[in-house]
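For reference, the structure is listed below as structure tokens.
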Amino acid sequence: MYKKVTTDMNFIDREKEVLEFWKANDIYKKSLRKEGDGTPTFTLYDGPPTANGKPHIGHIKTRVIKDLIPRFHSMKGEAVSFKAGWDTHGLPVELEVEKMLGINGKPQIEEYGVEPFIKKCKESVWTYKTQWEEMSDRVGFWADMEHPYVTYDNNYIESEWWALKTMWEKDLLYKGHKIVPYCPRCGTALSSHEVAQGYKTVKENSVYVRFRLAGKDDTYFAAWTTTPWTLPSNAALCVSPDADYAKIKVNKDLDGSEKTVYYYMALKLVPTLFEDYEVIEKMKGTDLTGIEYEPLFDYAKKMLEETSQKAYFVVADNYVTTEDGTGIVHIAPAFGEDDARVGRENKVPFIQFVDEQGHLPDECEEFAGMFVKDADPLIIKKLNMEGKLIRKMQFEHDYPFCWRCDTPLIYYARSTWFIAMSTKREELLKSNRMINWYPETIRDGRMGDFLENVIDWGISRERYWGTPLPVWECGCGHRHCIGSIAELKEMSDDCPDDIELHKPYVDNVHLKCPKCGGVMTRVPEVIDCWFDSGAMPFAQYHYPFENKEFFENHYPCQFISEALDQTRGWFYSLIAISTVLFGRAPFENVIVMGLVMDENGIKMSKHKGNVVDPWDILNNQGADAARWYFYNSCQPYLPNRFSHDAVREGQSKFISKLWNTYAFYVLYADIDNFDPTKASFDRNNLCVMDRWILSKLNTLIRTVDAKLTGYDVTGCTRTIQVFTEELSNWYVRRCRDRFWAGEMTKDKTDAFMTLYTVLETMTRLCAPFVPFVTESIYQNIVRSVDTSAPESVHLASFPVCDESMIDKELEEEMDLIQMIVELGRTAREAAKIKNRQPLSTIYVVSEKELADEYKPIVLEELNIRNIEQLKNADSLVSYSFKPQLRTCGRKFGSKLNAAKEVIAALPGKETKAALDEGPIRITVDGEEYEMTVDDFIIETAQPEGLSTQSDRGVIVSISTVLTDDLIEDGFVREMISKLQTQRKETGLEVVDRINVLYSGNEKLAEIIVKRKEFISSEVLAVTFEEGVGENSKEWDINGEKITFTVTKA
RNA sequence: UGGAACAUAGCUCAACCGGUGAGAGCAUCGGCCUUAUAAGCCGAAGGUUCAGGGUUCGAGUCCCUGUGUUCCAACCA
């Protein structure tokens, strides 16, 4: 029959057995349904993790959320396609290898050799692969990990080349300038991720300087900057178009001499810079545009003359604020993102008086060769000497430093390749609207806002380990974009057959220029690895070179999920690339996950020492516990405060409760040799408890199916948890004695069949959530008796709700029973009458009449002999009234408070009686109102002589009158309880027979004599006589003292 | 510095369109019950719903300001 089940908490070992079972029998592969013949497909795209970082606890969350959905859809009969992937390119990999080789920076990489370097990168990527696979395996992550896509794969890259070429042909790929954070010592631009690591708060000099208006003595623009070293590269000034500006008159010059001087600046900021002044003219920013001024330095004069460019005039742009500074911003298009844009839009010349090492060039005369930050004080000094410095002050702000060498970064224009995403804004927004975001707010919030302001995607990186940008250039200026290996071979003479699409190999391939016949060389850049991951919908299948049909049938996918930090990462790159290529979003539904924090809500990080090793939970609490925790603790999009206690709570509340219910079933099924395949029951002829739990079960199926279809994970688990609780603590507890019964009666078979049905259904219902424990249970209760059943619960189908089993009314009635029982217990507590003391009568007032079959449940639970239902509680209680605000708010408006008083003063019983007949009228502030029952909240007052409790219209009252008969019964039960306790304390086994001696109480002695046989049978006493022996103990039996001696017979 | 999300009992989370004294579970304490359970039941204590203002007859819920945490974006000139 069934395998014995222990009720210990050793879920880890059981999970390991399940893993072995899956492996030995290839269950994962068997779970994949074949496509075709009308089988619906369900496709997921995997956001690739990078295997050269260790998996951490957040990855468990990612993996288990991703895993739940395909398991569910697979059980629903769909053909699931879910290919795992690895993100393999990028700077983090290069940095890891640099560290390993003990080298530092691009020059040393070149020295080491690009080819050996990228070979190391390729190996390094797999450093933690095994750890990843073990972790994925252990949490039950079922994706195709045997044939993953790998972003460094030639096929993968070739698909990306196809994509880039397609964009090239649409004129979306262009070369421009980008202001990037740049380390002058390392000679490299830094990614935003690196920059973020190096912010420090520094004190620097900020300066107010004045620019003289061209041809006007003593009239200046006042401007402010925190980077004096950019002043030699100044090319324009910028004002805010709609802000108010002023021309002011000051009677003192900078050197303190008496002189009339005029300044232009933002009106509201004048007081921050000057004390004595007079506003002589007001204007808008736009009124200043076009005015020319004289440069602070004439370093650029020669260059501008030679190229005949016009500089040094005022422009306007909305990015300028009048919050601080002067409202007039100095523009150096080579050194700021906004400056560059404003410069471009207003045809301001590009002056870059800083070289790649961060030094000022020869043009800057006395500053030539100086590092920019060192030049700052000297530039300030010179400005001061020349009467151009209005004021210098200390300024504290966060400034980025190179995380590697601690050199201050400078923002520097570098040539960069872009995808013109800003021209696709409308299409992107349209794609975004196609997506079901969970939570919904991401769509219009975080993602929508980002897309509204989308800028061109700078995709080139001056690095080594990445997908090479497939653009070749010729000396004649012609450029060509390659879209496939075949095209590359066709256009070149030196391409090896087995060309690997990486640096340095592709750099050695030269094209023949179709324009001039010259030699074309590839541009040096590789591309942003976000492009790699965003290209995965098609690149994972080597589309369009292979699997064309397969791709088309699996695009877009139904579901993806990643953490919140991917909004501008993977989520964006997916939408961006797919929108450009296919005009739509590549996924239909997405769960955006919150991050996993430590138990104090603080981000986990190595140096804080609060990082939780994922194996900590997997080895101690198990995969199911971890899964349940992440599904159930809070909505997936909220941050988790991770703690072992929280994981344990879910385990004891759900997993072990389910397990113990199952263990209970097996224990008694084994005793009775019960085989569900040989028994049967008539679902239309069951007792109330069975009908109830089966109704609840089918309601549960319906709810979970609907919620999971709508990606409401937490909604599912919370419903399941409540059901499990009711199954264990109401159904099983109330039905225990049915399973002990001696004969295999219909009632006993019904009980077994019902519990079996519930457990069997639960294994399938919960299988996607907790795949291990459900498999253990399924193997034992289903497979061991039914060899024709599917080999694994994961090959079975998801339960289907049988609407005919749902009886809403019954469920509501059981709610009422539970409420009556609860109120009864509270009433006992209030009267200080313990449960062991039998009582005569319970009175129940409720809208619904209790059917007879429910009554024993109430009586047994409460140890009461009779139940009486009353039409109303007139004999039990009196009433008081409160306004039902939902209706009265509208009825009374501002007179509500007056109405409250009138209503509170209504006489109890009379009003209640009148209301039972129909509406009544009350007067508030001299005005009459008609009131119906619905306008009131009717409350009951405490009764007398009875112990009464009420809640939501149900009133329960227990008679507290104790007759001699009841008291005697109470004594008997109390003595039995104490004797049982004494047995236990004496260390006896439950089956041991005992001899009992009693002494010291006449009243109890009388009762003992009278009820000797009953008591003896309950406590397994052979003899029960008056007397005292060793190890005696005195007890308080409802106020009567008696001494018992218990010895083993 | 800006944008977004979140903030409810010691902890983890609920609370529908704004509607009556803000509810569960865990933990604590007291009591009860127990031939499946690390279980269950009853009760006590625990709250200025982060702070301040506004709208409303009525705000945990809507609006504004501030604080804190997190994520994202950042040369704020």
Side-chain angles (χ1 to χ4, degrees), chain A residues 5 7-9 179 181 192 195-196 199 206 223-227 230 238 319-321 323-326 328-332 335-339 397-400 409-411 439 441-442 445-446 449-450 453 563-565 567-569 594-595 597 599-603 632-635 637-641 643 645-646 648-653 656-657 659-668 714 718 721 725 728-730 732-733 736 739-740 821-822 825-830 832 834-836 861 882-890 892-897 899-900 937 977 980 990:
Chain A
V5 179
T7 53
D8 61 48
M9 297 286 280
I179 308 296
S192 60
V195 175
Y199 274 94
S206 68
W224 182 62
T225 181
T226 56
T227 50
T230 60
C238 190
Y319 95 93
V320 175
T321 68
E323 292 307 306
D324 46 24
T326 64
I328 299 178
V329 175
H330 126 73
I331 297 284
F335 303 108
E337 192 62 50
D338 287 314
D339 299 44
H397 67 152
D398 287 334
Y399 195 85
L409 302 179
I410 59 176
Y411 286 81
T441 50
I442 302 276
R446 201 179 261 252
D449 290 347
F450 178 58
N453 301 303
L564 189 65
D565 55 4
T567 313
R568 286 158 200 208
L595 285 100
M597 305 287 152
E599 56 189 316
N600 301 312
I602 307 298
K603 189 182 174 168
N632 191 54
S633 72
C634 62
Q635 295 290 342
Y637 58 86
L638 293 171
N640 290 83
R641 288 186 167 201
S643 73
D645 281 345
R648 208 166 294 130
E649 192 177 320
Q651 189 172 35
S652 74
K653 247 153 94 175
S656 69
K657 219 166 252 180
W659 184 261
N660 282 317
T661 309
Y662 150 70
F664 174 88
Y665 166 78
V666 169
L667 180 67
Y668 288 98
T714 309
R718 293 196 175 163
Q721 199 158 289
E725 157 75 23
S728 169
N729 289 325
W730 189 250
V732 173
R733 192 163 62 82
R736 260 182 311 197
F739 294 91
W740 308 330
V821 168
E822 197 170 307
R825 278 197 270 251
T826 309
R828 268 186 175 277
E829 175 73 20
K832 296 262 179 272
K834 61 176 79 173
N835 211 36
R836 263 198 303 272
E861 276 293 313
K882 280 183 176 180
Q884 176 72 42
L885 293 182
R886 200 169 294 135
T887 62
C888 290
R890 235 164 284 134
F892 294 104
S894 58
K895 287 185 183 168
L896 189 62
N897 281 324
K900 266 184 191 163
I937 293 163
S977 167
Q980 297 283 28
V990 275

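Below, chain A is the first sequence line, B the second, and so on; all start at residue 1.
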- Message: Taking side chain to side chain contact (heavy atoms under 4.5 Å, CB included) as the criterion, tell me which of A:T225, A:I331, A:D339 meets it with A:T230.
- Response: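 When side chain to side chain contact (heavy atoms under 4.5 Å, CB included) is applied between A:T230 and each of A:T225, A:I331, A:D339, only A:T225 qualifies.
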[N] [atom2] sits how many Å from [X] [atom1], rounded?
X: A:I410; N: B:C75; atom1: CD1; atom2: P; value: 13 Å
X: A:N632; N: B:A24; atom1: CG; atom2: P; value: 18 Å
X: A:Q651; N: B:U12; atom1: CD; atom2: C1'; value: 16 Å
X: A:R648; N: B:A38; atom1: CZ; atom2: C1'; value: 11 Å
X: A:L667; N: B:A36; atom1: CG; atom2: C1'; value: 7 Å
X: A:I442; N: B:C71; atom1: CD1; atom2: C1'; value: 10 Å
X: A:E725; N: B:A36; atom1: CD; atom2: C1'; value: 15 Å
X: A:N729; N: B:C33; atom1: CG; atom2: P; value: 18 Å

- Message: One thing to verify: whether A:K653 and A:E725 come together as a salt bridge, which I'm taking to mean a side-chain N less than 4.0 angstrom from a carboxylate O.
- Response: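 Looking at A:E725 and A:K653, the cut-off is not met.
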Side chain of [X] - closest among [options]:
X: A:L564; options: B:A39, B:C71, B:A77; result: B:C71
X: A:N660; options: B:A77, B:A36, B:C42; result: B:A36
X: A:D449; options: B:U37, B:A4, B:A77; result: B:A4
X: A:V732; options: B:A39, B:A36, B:C42; result: B:A36
X: A:R825; options: B:C71, B:G3, B:C41; result: B:C41
X: A:R641; options: B:A77, B:A39, B:C11; result: B:C11
X: A:S652; options: B:C41, B:U34, B:A38; result: B:A38

At under 4.0 Å between heavy atoms, what does [X] touch on the DNA or RNA strands: base, sugar-phosphate, or nothing?
X: A:V821; value: nothing
X: A:Y668; value: sugar-phosphate
X: A:S728; value: base
X: A:Y411; value: sugar-phosphate

Both distances below 3.5 Å, Watson-Crick or wobble geometry, any strand: find the nucleotide opposite [N].
N: B:A14; answer: none
N: B:C71; answer: B:G3
N: B:G58; answer: none
N: B:A22; answer: none
N: B:A38; answer: none
N: B:C50; answer: B:G66
N: B:G43; answer: B:C29

Between [N] and [M], how many Å separate the two [atom1] atoms, rounded to a whole number?
N: B:U34; M: B:A27; atom1: C1'; answer: 23 Å
N: B:G19; M: B:G58; atom1: P; answer: 15 Å
N: B:G54; M: B:A44; atom1: C1'; answer: 39 Å
N: B:A22; M: B:C64; atom1: C1'; answer: 24 Å
N: B:U67; M: B:G52; atom1: C1'; answer: 11 Å
N: B:U28; M: B:A45; atom1: C1'; answer: 9 Å
N: B:U55; M: B:C62; atom1: C1'; answer: 8 Å
N: B:G25; M: B:C41; atom1: P; answer: 7 Å

- Spacing of A:L595 atom CG and A:L638 atom CG [to the nearest 0.5 Å]: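 Separation between the atoms: 11.5 Å.
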- Item | Heavy-atom side-chain contact between A:I410 and A:T227 under 4.5 Å |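 Result no, sub-4.5 Å side-chain heavy-atom pair not found.
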- Task: State, yes or no, whether a side-chain contact exists between A:W730 and A:V821 at a heavy-atom distance under 4.5 Å.
- Result: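 Counting from C-beta outward, A:W730 and A:V821 do come under 4.5 Å.
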- Query: Do the side chain of A:S206 and the base of B:A77 come within less than 3.5 angstrom through a donor-acceptor pair of N or O atoms?
  - Reply: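 Counting by modelled atom types and ignoring angles, no donor-acceptor contact under 3.5 Å is found here.
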- Message: Does the plane of the ring in A:F664 sit parallel, tilted or perpendicular to the ring in A:F739? Use 30° and 60° as the thresholds.
- Response: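 Geometry flag for A:F739 against A:F664: perpendicular rings.
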- Message: When you measure from the side chain of A:R733 to the backbone of A:S728, do you find a donor-acceptor pair of N or O atoms at a distance under 3.5 Å?
- Response: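 Side chain of A:R733 to backbone of A:S728: no pair is present.
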- Anti/syn call for B:C32, syn if |chi| within 90°: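 Here the answer is anti: the torsion falls beyond 90° from 0.
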- Message: If I compare all heavy atoms of A:T226 with all of A:S206, which pair ends up nearest, and what's the gap?
- Response: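 Looks like CG2-CB, 3.9 Å.
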- Item | 5' precedence on RNA chain B between A:S656 and A:L595 (nearest-nucleotide basis) |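 With A:S656 and A:L595 compared, the 5'-side residue is A:S656.
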- Task: Hey, which sits more toward the 5' end of RNA chain B by its nearest nucleotide, A:E649 or A:R718?
- Result: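 Taking each residue's closest nucleotide, the earlier one in sequence belongs to A:R718.
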- Query: Taking only side-chain nitrogens and oxygens of A:K653, does any of them come within less than 4.0 Å of OP1 or OP2 of B:A39?
  - Reply: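 Checking A:K653 against B:A39: no side-chain N or O falls below 4.0 Å of OP1 or OP2.
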